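A short worksheet on the structure shown next.
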Amino acid sequence: MELIQNTPDLSAYLAADEAIDHDHPVVRQVAARLAKEAVDSYAYARLAFEFVRDTIPHSQDSGDLRVTWRASGVLEQGTGICYAKAHALAALLRAEDIPTALCYQKFDVVHGLVAVRFNGAWHRQDPRGNKPGVDAQFSLDGERLAFTPESESNEMDYPVLYAEPHPAVLSVLKAAPDRPYLWKTLPSAL
């Protein structure tokens, strides 16, 4: 699948916004801690991915009822669904000048992940969190995502790489008072 930037301006994939608030002190603190352990930007990207995947539980898996959407909130509260975890990873990567896009897949509902730009190409990564049957890994040598769409089930990968969260995603996250409510309002398509 060919990934398509929704804007040709690569600097848009480094920008901060209300959800990817990489200028927030909490994001900066975590980024600085991870950067101390990394020998280069690739190692940093892998560490940031593994940090979000492994230390921030997916709220559905953990039973956490809180809804987070802003990267700093995800890092502060230590919880989030796929979209929120993608926002946190994007913020950590952008904090270290690694172009990062948000991208989506369609299953029963829309699933969120990120794409990082290395060596002139985009590489999708899924920080959702592993569990039995899910084994997402950081990779630039072929995708190791949490889920693979099945076209016969009307599932799909959306090819668009967004510089900002999709408005349909952001609006449901911001409107949800808790995860059970959020689950009833998740977008089924973009």
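Here the structure is a predicted model, which means the values were calculated and not measured.
For the atom pair CG (Leu145) and CD (Gln125), the distance works out to 7.5 Å, reported to the nearest 0.5 Å. To the nearest 0.5 Å, atom OG1 of residue Thr79 and atom CD1 of residue Ile56 are 8.5 Å apart. With rounding to the nearest 0.5 angstrom, the CG atom of Asp61 is 4.5 Å from the NZ atom of Lys131. For the atom pair CD (Glu50) and CG (Leu34), the distance works out to 10.0 Å, reported to the nearest 0.5 Å. If you take SG on Cys103 and OH on Tyr162, they are separated by 10.0 Å, rounding to the nearest 0.5 Å.
Side-chain contact, Tyr13 with Asn6: a donor N or O sits under 3.5 Å from an acceptor N or O.
A side-chain contact (heavy atoms from CB on, under 4.5 Å) with Tyr104 is found for one member of Met156, His166, His111 and no other, namely His166. A side-chain contact (heavy atoms from CB on, under 4.5 Å) with Ser41 holds for exactly one of Ile98, Val116, Leu93; it is Ile98.
Both Tyr158 and Leu173 belong to a common hydrophobic cluster when Ile, Leu, Val, Met, Phe, Trp and Tyr are linked at side-chain heavy-atom distances under 4.5 angstrom. Taken together through direct or relayed side-chain contacts under 4.5 Å among Ile, Leu, Val, Met, Phe, Trp and Tyr, Phe49 and Ile20 form part of one hydrophobic cluster.
With sequence neighbours excluded, the residues that form a side chain to side chain contact (heavy atoms under 4.5 Å, CB included) with Leu170 are Glu18, Ala19, Trp69, His87, Pro165, Lys174.
Side-chain atoms of Arg28 come within 3.5 Å of backbone N or O of His22 as a donor-acceptor pair. His58 contributes no side-chain N or O that, together with a main-chain N or O of Arg53, makes up a donor-acceptor pair within less than 3.5 Å. Looking only at distances, a side-chain donor or acceptor of Arg179 sits under 3.5 Å from a matching main-chain atom of Asp64. Judged purely by atom type and a 3.5 angstrom limit, Lys85 uses its side chain to pair as donor or acceptor with the backbone of Val52. Ser139 places a side-chain N or O within donor-acceptor distance of the main-chain N or O of Asp141, the cut-off being under 3.5 Å. With hydrogens and angles disregarded, a donor-acceptor distance shorter than 3.5 Å links the side chain of Arg117 to the backbone of Gly120. Looking only at distances, a side-chain donor or acceptor of Asp40 sits under 3.5 Å from a matching main-chain atom of Ala43. Judged purely by atom type and a 3.5 angstrom limit, Arg94 has no side-chain atom pairing as donor or acceptor with the backbone of Ala16.
Ring centroids of Phe138 and Tyr42 are separated by less than 6.0 Å, placing the two rings close together.
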May I have the step-by-step check of side-chain contact (heavy atoms from CB on, under 4.5 Å) for Arg128 and Ile81, ending in yes or no?
CA-CA 7 Å; Arg128 182 225 177 269; Ile81 68 165; over 6 Å; no

For Phe118 and His123, run side-chain contact (heavy atoms from CB on, under 4.5 Å): C-alpha distance rounded to whole Å, both residues' side-chain angles, the deciding distance at 0.1 Å, then the answer.
CA-CA 7 Å; Phe118 277 104; His123 306 273; 4.2 Å; yes

Evaluate Leu113 against Tyr83 for side-chain contact (heavy atoms from CB on, under 4.5 Å), listing each step before the verdict.
CA-CA 7 Å; Leu113 49 153; Tyr83 311 131; over 6 Å; no

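Through direct or indirect side-chain contacts shorter than 4.5 Å among Ile, Leu, Val, Met, Phe, Trp and Tyr, Phe107 is connected to Val134, Phe147.
No side-chain heavy atom of Leu161 sits less than 4.5 Å from a side-chain heavy atom of Ile4.
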